[in-house]
Amino acid sequence: MTWSEMQPLLEQACTETLIMVGWSTLIAVVGGLPLGILLVLTDKGGLLQNTLVNKVIGQIVNIGRSLPFIILMVALMNFTRWVTGTTIGSEAAIVPLAIGGIPFFARLVETAVREVDHGLVEAVQAMGGNTWTIVRKVLVPEALPSLIASTTTTVIALIGYSAMAGTVGGGGLGDLAVRYGYQRFETGLMWITVAILAVAISLIQFAGDHAARAQYRRGGRSGPSPRLRLLKAEEPATADAGKVA
């Protein structure tokens, strides 16, 4: 197969992969962010402590994360057909990708939010801030560098899932590699597909790391990576608490 024959196939496959990963990432972030925050708020000692709700959400997230993606795709075929009208193609693949990405991102959000200094939360509470204010003004902003890193990790995971979706007709680069690289023995096209995926993942990781570090420094922190100990934020928080007292 010549390059002129490969080029339109690669362009179409890259577009399909971009659409699948883009939409599924957006849905995973929108669905996973509140779930992850709820896991923290409803946990023991949380602002909305509720053991039953925490266990239910935790179990749902655990079940979603425990299923291998290929099995999840098969299990959701009827639901995918109900939503999109088909089980084949990039549009159909978005459904299991998004559903698989939500619990994955939720656990990353939970970890990021738990690292926020509790002293900041107590300071806002002392000033009369309610739960929504604490989430909006403290938890999310202070966890933002780690949330950016978590989003990067989710995007990379979804790229891998999207390639796996190609084995069952999900479209994208994975589908191209299976149909031409494996079934038709077009080894050259398969390795080009592998190279594109490797370069894309490297660029996304670089961009995500850069954005997380930039946000980390913008928040008045120092250090090689966003560990979110927020030591510098303790002084103003203590001062504010003293004013309220």
Side-chain angles (χ1 to χ4, degrees), residues 8-39 53 56-112 147-183 190 193-194 196-198 200-201 203-205 207-208:
L9 296 174
L10 289 169
E11 289 177 353
Q12 181 182 356
C14 287
T15 301
E16 291 176 350
T17 297
L18 181 62
I19 292 172
M20 286 190 293
V21 174
W23 278 107
S24 58
T25 299
L26 178 61
I27 297 171
V29 170
V30 171
L33 182 62
L35 275 182
I37 294 175
L38 275 175
L39 283 170
V53 172
V56 170
I57 297 176
Q59 284 301 315
I60 292 173
V61 170
N62 289 338
I63 292 172
R65 291 185 63 201
S66 65
L67 291 175
F69 180 70
I70 192 69
I71 296 177
L72 182 65
M73 285 193 68
V74 175
L76 291 174
M77 276 188 175
N78 290 332
F79 179 71
T80 300
R81 184 181 292 109
W82 178 73
V83 173
T84 65
T86 181
T87 58
I88 299 175
S90 56
E91 291 184 1
I94 292 173
V95 176
L97 282 171
I99 293 177
I102 288 173
F104 182 87
F105 186 69
R107 281 301 184 192
L108 295 178
V109 170
E110 180 190 10
T111 301
L147 291 177
I148 293 173
S150 299
T151 303
T152 303
T153 303
T154 302
V155 171
I156 292 174
L158 289 175
I159 290 176
Y161 290 167
S162 71
M164 198 181 304
T167 61
V168 290
L173 291 169
D175 180 58
L176 183 67
V178 170
R179 285 192 295 115
Y180 287 87
Y182 177 72
Q183 295 177 351
M190 183 179 67
T193 302
V194 171
I196 291 173
L197 288 171
I201 288 173
L203 291 175
I204 291 170
Q205 186 68 62

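Residue numbers start at 1 and run along the sequence shown.
Contact check for T80 versus M77: no side-chain heavy atoms found under the 4.5 Å cut-off. Residues L97 and V21 form no side-chain contact, since every pair of their non-hydrogen atoms from C-beta on lies 4.5 Å or further apart. Side-chain contact between L72 and Y161 is absent, with no heavy-atom pair separated by less than 4.5 Å. Two residues are said to be in side-chain contact when any heavy atoms from C-beta on lie closer than 4.5 Å; I19 and I94 meet this criterion.
Listed by chain and residue number, T152, V155, I156, I159 satisfy the side-chain contact (heavy atoms from CB on, under 4.5 Å) test with I204 (two or more places apart in sequence, or in another chain).
Closest of all the heavy-atom pairs between T87 and R81 is CG2-NH2, 3.7 Å. Of all non-hydrogen atoms in S24 and A98, the two that sit nearest each other are CB-N, 3.8 Å. Here the shortest heavy-atom pairing between M20 and G171 reads CE-O, 3.6 Å. For the pair M190 and A177, the tightest heavy-atom approach, listed with the atom from each and the gap, is CG-CB, 4.5 Å. The shortest heavy-atom contact between L76 and P96 is CD1-CA, 3.9 Å.
Taking CD1 of I27 as the start and CD1 of I99 as the end, the distance is 9.0 Å to the nearest 0.5 Å. Here the straight-line distance linking atom OG1 of T153 with atom CD1 of I148 works out to 12.0 Å at 0.5 Å rounding. Distance CE/M73 to CD1/I71: 12.5 Å, rounded to 0.5 Å. In this structure, L38 CG and I57 CD1 are separated by 4.5 Å, a value rounded to the nearest 0.5 Å. Here CD of E91 is found 10.0 Å from CD of E16. Values are rounded to the nearest 0.5 Å. In this structure, L197 CG and I201 CD1 are separated by 6.0 Å, a value rounded to the nearest 0.5 Å.
In this structure, the side chain of S162 does not engage the main chain of T17 through any donor-acceptor pair within 3.5 Å.
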I'd like a table of donor-acceptor pairs (distance under 3.5 Å, sequence neighbours excluded) in which one partner is a side-chain atom from residues 100-109, with atom names and distances.
residue, atom, partner, partner atom, Å
R107, NH1, E110, OE1, 2.6
R107, NH2, G58, O, 3.4
R107, NH2, N62, OD1, 2.7

Stepwise side chain to side chain contact (heavy atoms under 4.5 Å, CB included) check, T154 with V29: CA-CA 9 Å; T154 302; V29 170; 5.9 Å; no
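Residue pairs meeting the salt bridge (charged side-chain N to carboxylate O under 4.0 Å, His left out) criterion with at least one partner in residues 169-181, sequence neighbours excluded, are D175-R179.
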